[in-house]
Amino acid sequence: MTTDTPQLFIYRDDNQIPSHFYYQAQAFVRIFWADGDDHDIDYGLKSPRIHVVLAKGKSLLSFATVVWRDVLVDGQSYKLYGLGDVMTFPHFRKRGYAGQ
């Protein structure tokens with residue numbers, strides 16, 4: 001069932017993200033950011049990360065990941081978070097999807 005309204009999905013585990021979203025995101029990453037022909041299809045989508053997906057049905061519109069690492073600063077441990085792999089397919093840009 002496809003709806004006209006995009007839906008937001010958050011997958012907190014790499015094993016949760018459906019393959020149809022995973023491979024669409026990887027295809028986009030490969031088109032825009034790959035250097036040469038040695039691109040690893042799984043690079044960039046490995047743990048630990050949270051996948052944020054905006055989609056219509058099984059069609060990916062926008063995608064981002066939240067990544068983290070534990071860091072040690074002056075003997076104090078911190079969890080450092082970052083936003084990565086942020087993308088919106090060109091046809092769907094300028095509609096506010098990435099901001100969602």
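Between S62 and T88, the closest heavy-atom pair is OG-OG1, 2.7 Å. Minimum heavy-atom separation, V53 to Y11: CG2-CE1, 4.0 Å. For G57 against F21, the heavy-atom pair with the smallest separation is O-CZ, 3.6 Å.
Q24 contributes a side-chain N or O that, together with a main-chain N or O of L60, makes up a donor-acceptor pair within less than 3.5 Å.
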Taking it one step at a time, do I50 and I10 satisfy side-chain contact (heavy atoms from CB on, under 4.5 Å)?
CA-CA 7 Å; I50 295 171; I10 298 175; 3.6 Å; yes
From CA spacing to verdict: side-chain contact (heavy atoms from CB on, under 4.5 Å), D70, Y78
CA-CA 6 Å; D70 293 318; Y78 297 93; over 6 Å; no
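Interatomic distance, CD of Q7 versus CG of L54, reported as 9.0 Å (0.5 Å rounding). Remark: L61 CG to R93 CZ distance equals 12.5 Å, nearest 0.5 Å. Taking NE2 from H51 and CZ from R12, the interatomic distance works out to 12.0 Å, rounded to the nearest 0.5 Å. One distance of note links CH2 of W68 with CZ of R49; it measures 8.5 Å at 0.5 Å rounding.
When ring centroids are compared, F28 and F63 stay outside the 6.0 Å threshold.
Taking L83 as the reference, A64, V66, V86 meet the side-chain contact (heavy atoms from CB on, under 4.5 Å) condition, with sequence neighbours excluded.
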